2 protein chains.
Amino acid sequence: MTDASAPKTASPQTDKRAADDLFRILERKISSGELEEGAPLPPEREIVQTYGVSRTVVREAVLALSNKGLVEAKPRFRPIVRKPSADTALETIESLVRRLLVQPNGVKNLFDTRILVEAALVREAAVKANKSDIANLKTALDANLEAISDNDAFYRSDMAFHAIFFDISGNPLLPAIHRAYTAWLAPQWKQMPRMADRNRTNYDSHKAIFDAILMRDPDAAEAALRRHMTDAWTQVQMTFGDI
Amino acid sequence: MTDASAPKTASPQTDKRAADDLFRILERKISSGELEEGAPLPPEREIVQTYGVSRTVVREAVLALSNKGLVEAKPRFRPIVRKPSADTALETIESLVRRLLVQPNGVKNLFDTRILVEAALVREAAVKANKSDIANLKTALDANLEAISDNDAFYRSDMAFHAIFFDISGNPLLPAIHRAYTAWLAPQWKQMPRMADRNRTNYDSHKAIFDAILMRDPDAAEAALRRHMTDAWTQVQMTFGDI
DNA sequence: AGCCTGCTTTGGTATGACCAAACTAGACTC
DNA sequence: GAGTCTAGTTTGGTCATACCAAAGCAGGCT
């Protein structure tokens, strides 16, 4: 059954490839919900039957879905349908970005955009952080202090502190952006020697930002954030000599 | 020739796929410059010979390169090597983002991040725009004024005005981000009726931002920008009823 | 009930073949 | 001799078939 109307023999290929068509068909079935999130794709041989195309075409279409992040294809299993999230979107360009970063000033440019964004976020926080947000910041700050002597723990609590700024607005894109920043910049930071006094300095910087937010002073908050970030950048540069 | 050492028969597939390996090999050859930008990839059949794999594997690897934006594969031509740029990186997630946008508040969330970023940029412009930057803004502003009666022209000059803020810092990532914003948000704006009086209002908004920058007043510049953007958002909402 | 074994399913790969568009080079015309 | 036409040669796109090995399953054994 389901012979459909497709011409069986070597297709008289017109302008576009059959693989693209099938890709679009599957794409639609996923976004329309006909193929449910978490469910596996039909077996390749079944898709072959259904659409009257060769397995080659099916594989290429599925591979494209996988590359675009619409399905998750583990080496030897049926591909699992994945609805797109901001995270998967950013994961998709992960390798691209990694290549961008090795270009001259690549890391610096990315880091600068982070400063730009996070400066705006701390300003926002200074203006409209509510009780709950401030409590979260305080908790994270305390965690910083407690972890000063434990580099790994401090690294985590450091990221957690910054993450809060990306959460405050409630815009779901921002936390994803923060994760992207940390993931992409991590290779630089990881190798940076982390000593207790560095952690102490960072804690102080965090506290300065926090205090400025408490005072509802966006200018001071931004200034503190920028000091903190440029300081961190200086540290990275000292570690790597130059970038 | 080039029989190499690969076992010819059906490969005893271990843990990972040969296509991934070949992908990584080609990936390296591209980023190392061994395969030059703009040059075509070798013919599939030649790659088959060189690496002792089947054409199936070669096709999958090349398709993966194409999906990641490392090569540009037109329907019937040899794939052309493309070095990654911020633009290609963002093009890669284009379809993903498009899907993100149809989710509840998708457009709004993206637009909010644009406001966040551009607000930060106009602040920056107010503080450190140099003569040349300001001249560019003036030129763009004049172009706005001139195009008020021509909707298409105004749309272009409108974008050009905003683009300047993304150029000022000299960070090459930002112009790419601007293009991504305009491309992704364009579907909404395109359908918006553009009347001369709307253009006039937008021109006035632009002028307010420009004036604030001239006065070196970041707070005023940000405020003017936010008014402009929220006004634009209101217009979009009125056009679509609700989003 | 729990473990073992063998059949079936399914993705990964290899081959070989054919089509049609693109490319190339030699023949032909002016 | 420059330009054009044409036949043969690439080359990407697709199809069909076959085999491997891991995963999944089911029936049988302990």
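Every value quoted in this text rests on a predicted model; they were computed, and no experiment measured them. Lettering follows sequence order; numbering is per chain, from 1.
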Test log, rule side-chain contact (heavy atoms from CB on, under 4.5 Å), inputs A/Arg114 and A/His178: CA-CA 9 Å; A/Arg114 173 168 174 172; A/His178 178 247; 4.0 Å; yes
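Distance A/Glu46 CD to C/dT10 P: 8 Å, rounded to the nearest Å. In this structure, B/Ile47 places its CD1 atom 17 Å from P of D/dT10, rounding to the nearest Å. When the C1' atom of D/dA16 is taken as reference, atom CD of A/Glu44 falls 15 Å away, rounded to whole Å. If you measure from atom OH of B/Tyr51 to atom C1' of C/dA14, you get 19 Å, rounded to the nearest angstrom. A straight line from NZ of B/Lys74 to P of C/dA22 spans 10 Å, rounded to a whole angstrom. As rounded to whole Å, 16 Å separates atom C1' of D/dT10 from atom CG of B/Leu41. Remark: P of C/dG11 and CD1 of A/Ile80 are 11 Å apart, rounded to the nearest angstrom. Rounding to whole angstrom units, CZ of residue B/Arg78 and P of D/dG13 are separated by 12 Å.
Every residue two or more places apart in sequence or in another chain that forms a ring-ring contact (aromatic ring centres under 6.0 Å, His included) with A/Phe111 is listed here: A/Trp189, A/Trp233. By the side chain to side chain contact (heavy atoms under 4.5 Å, CB included) test, B/Val117 pairs with A/Leu116, A/Val117, B/Leu121, B/Phe166, B/Tyr181, sequence neighbours left out.
In the interface, the side chain of B/Arg45 is paired with the base of D/dG12 through a donor and an acceptor atom under 3.5 Å apart.
Both A/Pro42 and B/Phe77 lie close to DNA chain C; mapped to their nearest nucleotides by heavy-atom distance, the more 5′-ward contact belongs to A/Pro42.
For the atom pair CG of A/Leu65 and NZ of A/Lys29, the computed distance is 12.5 Å after rounding to the nearest 0.5 Å.
Not one N or O on the side chain of A/Asn105 forms a donor-acceptor pair closer than 3.5 Å with the backbone of A/Lys108.
Residue contacts shown for B/Ala19 are limited to sugar-phosphate atoms, with no base heavy atom under 4.0 Å away.
A heavy atom closer than 4.0 Å to some atom of DNA chain D occurs in B/Arg55, B/Arg59, these being the qualifying members of residues 54-70 of chain B.
When only modelled atom types and interatomic distance are considered, B/His206 and B/Asp158 share a side-chain donor-acceptor pair under 3.5 Å.
The residues B/Glu27 and A/Arg99 are annotated as salt-bridged, a charged nitrogen and a carboxylate oxygen being separated by less than 4.0 angstrom.
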